[in-house]
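Naming: A, B, ... by sequence-line order, numbering from 1 per chain.
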Amino acid sequence: MENDIPLRQFMQPGKTNSEDRLNFVRFWAQYVKTHSDEEWSKQQNIVIDAQYLQLRKALDSLS
Amino acid sequence: MHYDPQKKEIFLDRSLNTLDEFVLKFITILARYVPYTIISGYVSIILGRARATEDIDLLIPKITFDLFKPLYEDLQQQGFWCLNAEDVQEVFSYFRDGYSVRFALRDTTIPNFEVKFPRTLGEKESFQDTIKIHLSQNDIVLCSLESHVAFKKYFLQSEKDIEDAAYVEELFKNQLDEHKINKYRQLIETNGK
């Protein structure tokens with residue numbers, strides 16, 4: 001990742017939160033394009049699985 | 001990831017997450033009975049967009065009660081429940097009357113599938129205009145990337161939707177059919193979703 005110099009042009013800080021988010025979305029799309037499916041999907045899975053795990057815990061605590 | 005626009009196929013060698021496994025479980029049952037097309041957020045997510053979702057939107061063709069009943073019973077036997085009703089006739093009546101019907105795994109509510117018959121011209125087009133994702137575990141049928149981008153960008157238009165569209169546009173830059181996106185845009189502007 002540290003050697004992914006071409007990617008850095010896509011991750012300019014945004015002037016607003018919306019712009020910053022959109023910059024990251026495009027940056028991440030470039031990352032997905034330039035890395036193996038296995039590599040990016042493992043990172044994506046951390047985000048998605050963590051959200052469902054958190055949600056499941058919250059729902060369990062209610063029941 | 002490899003996209004072949006001519007064959008309308010994407011080959012994806014990704015590892016699966018909780019959401020993907022939920023989707024595969026549901027569509028494996030569904031595909032035994034009816035064709036389907038996944039639309040909206042999950043289209044971006046399966047292709048790598050780093051966000052979760054509460055629901056997966058899915059279109060199925062208008063079917064008769066006789067075809068729906070065994071599908072519903074199979075879903076129940078495989079651990080799904082309907083969030084809207086339990087009685088099969090009542091569930092079918094929601095479909096017939098143009099409502100979306102939600103299914104989740106028993107003892108859970110999220111994530112869930114939001115299933116409906118195509119109602120509008122846009123939905124009817126999206127249902128027919130599909131691409132297939134080949135995973136090592138199974139195939140998944142999605143609406144075309146152009147349909148996805150157009151509905152996110154020109155109809156839904158929330159911040160999340162704009163980001164979903166931007167993600168797909170960036171990922172498939174120079175591979176999307178701009179003419180088709182504009183066709184969907186005109187359809188949306190003329191007829192709504």
field: Within 6.0 angstrom of Asp107(B) CG, more than 12 heavy atoms from elsewhere
entry: no
message: Applying side-chain contact (heavy atoms from CB on, under 4.5 Å), can you list everything that pairs with Asn17(A), at least two apart in sequence or on another chain?
response: Arg21(A)
message: For residues Phe117(B) and Leu67(B): do they belong to one hydrophobic cluster (side chain heavy atoms under 4.5 Å, members Ile, Leu, Val, Met, Phe, Trp, Tyr)?
response: yes
query: More than 12 non-hydrogen atoms from neighbouring residues, nucleotides or ligands closer than 6.0 Å to CD on Glu159(B), yes or no?
result: yes
statement: Most heavy-atom pairs under 4.5 Å with chain A, out of Arg51(B), Glu163(B), Glu169(B), belong to Glu163(B)
message: Please check this pair: side chain of Trp28(A) against backbone of Tyr167(B), looking for a donor-acceptor N/O pair closer than 3.5 Å.
response: no
field: Residue list, salt bridge (Lys or Arg N to Asp or Glu O under 4.0 Å) with Asp74(B), at least two apart or on another chain
entry: Arg32(B)
Residue list, side-chain hydrogen bond (donor to acceptor under 3.5 Å, both in side chains) with Arg102(B), at least two apart or on another chain: Asp55(B), Asn112(B), Glu114(B)
message: I need the minimum non-hydrogen distance between Val32(A) and Leu171(B), along with the two atoms involved.
response: CG1-CD1, 3.6 Å
Region of Leu16(B) in contact with chain A, defined by heavy-atom distances below 4.5 Å: backbone
task: Treating Ile, Leu, Val, Met, Phe, Trp and Tyr as nodes and any side-chain heavy-atom pair under 4.5 angstrom as an edge, say whether Val115(B) and Phe65(B) lie in one connected cluster.
output: yes
message: What part of Phe11(B) gets within 4.5 angstrom of chain A, counting heavy atoms only: side chain, backbone, both, or neither?
response: backbone
- prompt: When hydrophobic residues are tied together by side-chain contacts of less than 4.5 Å, even through go-betweens, does Ile45(B) share a cluster with Val47(A)?
  reply: no
message: Just checking Lys69(B): does its NZ atom have more than 12 heavy atoms from other residues, nucleotides or ligands closer to it than 6.0 angstrom?
response: no
task: Residue by residue, scan residues 50-58 of chain A and write down, ordered by number, those that have a heavy-atom distance under 4.5 Å to chain B; if none do, write 'none'.
output: Gln51(A), Tyr52(A), Leu55(A), Arg56(A)
message: Give me the atom names and distance for the closest heavy-atom approach of Trp40(A) to Met1(B).
response: CZ2-CE, 3.6 Å
- prompt: Does Trp81(B) share a hydrophobic cluster with Tyr94(B), counting links as ILVMFWY side-chain heavy atoms below 4.5 Å and allowing steps through other members?
  reply: no
query: Does any heavy atom of chain A fall under 4.5 Å from the side chain of Thr108(B), the backbone, both, or neither of them?
result: side chain
message: For Gln157(B), is the CD atom crowded, meaning more than 12 foreign heavy atoms sit under 6.0 Å from it?
response: yes
message: Using only atom types and a distance under 3.5 Å, with no angle test, would you say the side chain of Gln44(A) pairs donor to acceptor with the backbone of Leu47(B)?
response: no
- prompt: Got a donor-acceptor contact below 3.5 angstrom from the Asn17(B) side chain to the Asp49(A) backbone?
  reply: no
- prompt: Is it the backbone or the side chain of Val25(A) that comes under 4.5 Å from a heavy atom of chain B, or both, or neither?
  reply: both
message: Tell me the closest heavy-atom pair linking Leu22(A) and Ala166(B), and the distance in Å.
response: CD1-CB, 3.8 Å
query: Any idea which heavy atoms bring Arg14(B) and Asp37(A) closest together, and the distance?
result: N-CB, 3.8 Å
statement: Rounded to the nearest 0.5 angstrom, the OG-CD1 distance for Ser18(A) and Ile162(B) is 10.5 Å
message: Quick check for you: among Pro111(B), Ala52(B), Ser15(B), which has the greatest number of heavy-atom pairs under 4.5 Å with chain A?
response: Ser15(B)
query: Are Leu83(B) and Tyr99(B) grouped together when hydrophobic residues (ILVMFWY) are joined by side-chain heavy atoms under 4.5 angstrom apart?
result: no
